[in-house]
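See below for the structure under consideration.
Below, all heavy atoms of this structure are taken into account, side chains as well, without hydrogens, waters or symmetry copies. Protein chains get the first letters and strands the later ones, always in sequence-line order, with residue 1 at the start of each.
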Amino acid sequence: MHDIRAIRENPAAFDAALARRGLSGLSSQILALDEARRAKILAAETAQAEQNRASKDVGAARARGDDAEFERLRALVAQTKADIARLTEEAAAEDAALRDLLMTIPNLPLADVPDGADEAGNVELRRWGSPRAFDFAPKEHYDIAGVKPGMDFAMAAKLSGARFVVLRGAVIRVHRALAQFMLDTHVNDHGLTETWTPVLVKEEAMYGTNQLPKFAEDSYQTTNGWWLIPTSEVTLTNMAAGEVLEEAALPIRMTAHTQCFRSEAGSAGRDTAGMLRQHQFEKVEMVSITTPGTSLAEHDRMTGCAEAILQKLGLPYRVMVLCTGDMGFGATKTHDLEVWLPGQDTYREISSVSVCGDFQARRMNARFKAPGGKPEFVHTLNGSGLAVGRCLIAVLENGQQADGSVELPAALHPYLGGRTRISADGALV
RNA sequence: GGAGAGGUGGCAGAGUGGUCGAAUGCGGCGGUCUCGAAAACCGUUGUCGGUGUGAGCCGACCCAGGGUUCGAAUCCCUGUCUCUCCGCCA
């Protein structure tokens, strides 16, 4: 959420930054609401102050036994009561109107974010590794002979419908190994604190990390009002909600491996084959809570943590900076990691690392303070480290052999009891 | 799921209708004393919003939301969380 004071002080800068995201001239609307709101607050508070004074006089009149004055004042206050109720309600409504508007306005892009309308405007920062040369036509993951027995979409459809999968045997073993490997790497090499969180959360948590109010249709809600997290960014980041953290405790670096649930509304027809886009998937997430002065360096660090996973697995990838038109709602800057998928002959997103500045912190009221200092909003960052299912796809497609077997990355061997490949008939050997 | 108890300032803990934003203690900060420190003593010490150049003034907040009342931390209702006991359970 945006700082209304900042908009008040420099509406032109606010509009200019939002224009880069294709939103124009919002400041005048916001400032009009803000003025209306402040006028109502002033009116309501003035009325309330008068009543408070009168109420004290009532008490004083009674204390000295002045019954006539007591009754007179009592009637007077009773009379103005309705007015105060009305004014207070109006003030609250104005306040809510402004807040509702501010909650739906995306974060401002940093100056070095490239302009662009959609993903075509993203800029490649660097590449790592080179796609393997195949002497046969590489298949998509779900068509690889050794994978087929362990990846059952028909069974999942029977249980749950489209965009689910049942995994068995060697395939799920590799999937599990990947998650373990990612967590161990983040904990041992990158110093993140492993965390386990609920996947059902209150509505306010979803507001804190800006899934709500704008993107309600992307997530699932239970009948009693919980939301299923679309990413553990929600739980990890909201741990800071309402807190005033000691500056010395920052940065807080967390990682969690959780189920994620997404309705994928609006992606009908996209990536319908295979397990690239599912309603339920696993992700190892990274979240950092930092000070304003350190968040940009943290962004690069976090990107590096995600890259390290791909490098250790020997998976070729490229790092993109998302342009203004492709960035997520809460981000000021985002790096996407795109892994090479030979079956699709293209790079596909496997991680997204964003720095949100104080945008989420303001929504959550997450602050820190230096000793003797005033509380300030923290900066929040989140990134996938990595999407486990997509990483599985990458490992399978990049390791596939002409005979339908799959060679697995050396980094995973210790997690597979020393086994190194999936045979063409689907066994882990 | 059932029964009971309880949620007050950084912490502990008073306060059961009227200058209560809230006693007291601890902690924090400033000072006196001291070569320095401790102890002792004195003073001070919440957050958010509105308004004002400013000192300041005003409003809100004693888990949350409603209600009663001229007036609520205090009374009533609902929700929520914590604790104890029982039941059930991976």
Does [X] reach a base, just sugar-phosphate, or nothing at all? Heavy atoms under 4.0 Å.
X      : answer
A/R367 : sugar-phosphate
A/V58  : base
A/R99  : nothing

Pair assignment for [N], Watson-Crick or G-U wobble, requiring both distances under 3.5 Å:
N     : answer
B/G54 : none
B/A14 : none
B/G4  : B/C83
B/A64 : B/U78
B/A90 : none

Selection from B/U47, B/C70, B/G50 that lies nearest to any side-chain heavy atom of A/L42: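 Taking heavy atoms from C-beta onward, the closest nucleotide is B/G50.
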When you measure from the side chain of A/K56, which nucleotide among B/U19, B/U47, B/U69 comes out closest?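 Comparing B/U19, B/U47, B/U69 against the side chain of A/K56, the answer is B/U19.
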For B/G71, does either OP1 or OP2 sit under 4.0 Å from a side-chain N or O belonging to A/Q51?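 The answer is yes; a side-chain N or O of A/Q51 sits under 4.0 Å from OP1 or OP2.
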Pairs under 3.5 Å (N/O, protein and nucleotides 75-83 of chain B):
none

Using a 4.0 Å heavy-atom cut-off, write out nucleotides 55-60 of chain B from 5' to 3' as B (base contacted by protein), S (sugar-phosphate only) or - (no contact). ---BBS
Kindly assign one of parallel, tilted or perpendicular to the pair A/F215 and A/F329, based on the angle between their ring planes and the thresholds 30° and 60°.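 Rings of A/F215 and A/F329: perpendicular, as their planes differ by over 60°.
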Going from OH on A/Y220 to CD on A/Q280, what distance comes out if it is rounded to the nearest 0.5 angstrom?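 A/Y220 atom OH to A/Q280 atom CD measures 9.5 Å (nearest 0.5 Å).
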To the nearest Å, how far apart are [X] [atom1] and [N] [atom2]?
X      : N     : atom1 : atom2 : result
A/D57  : B/C70 : CG    : C1'   : 11 Å
A/I4   : B/G49 : CD1   : P     : 12 Å
A/F377 : B/C48 : CZ    : C1'   : 11 Å
A/W196 : B/A90 : CH2   : P     : 17 Å

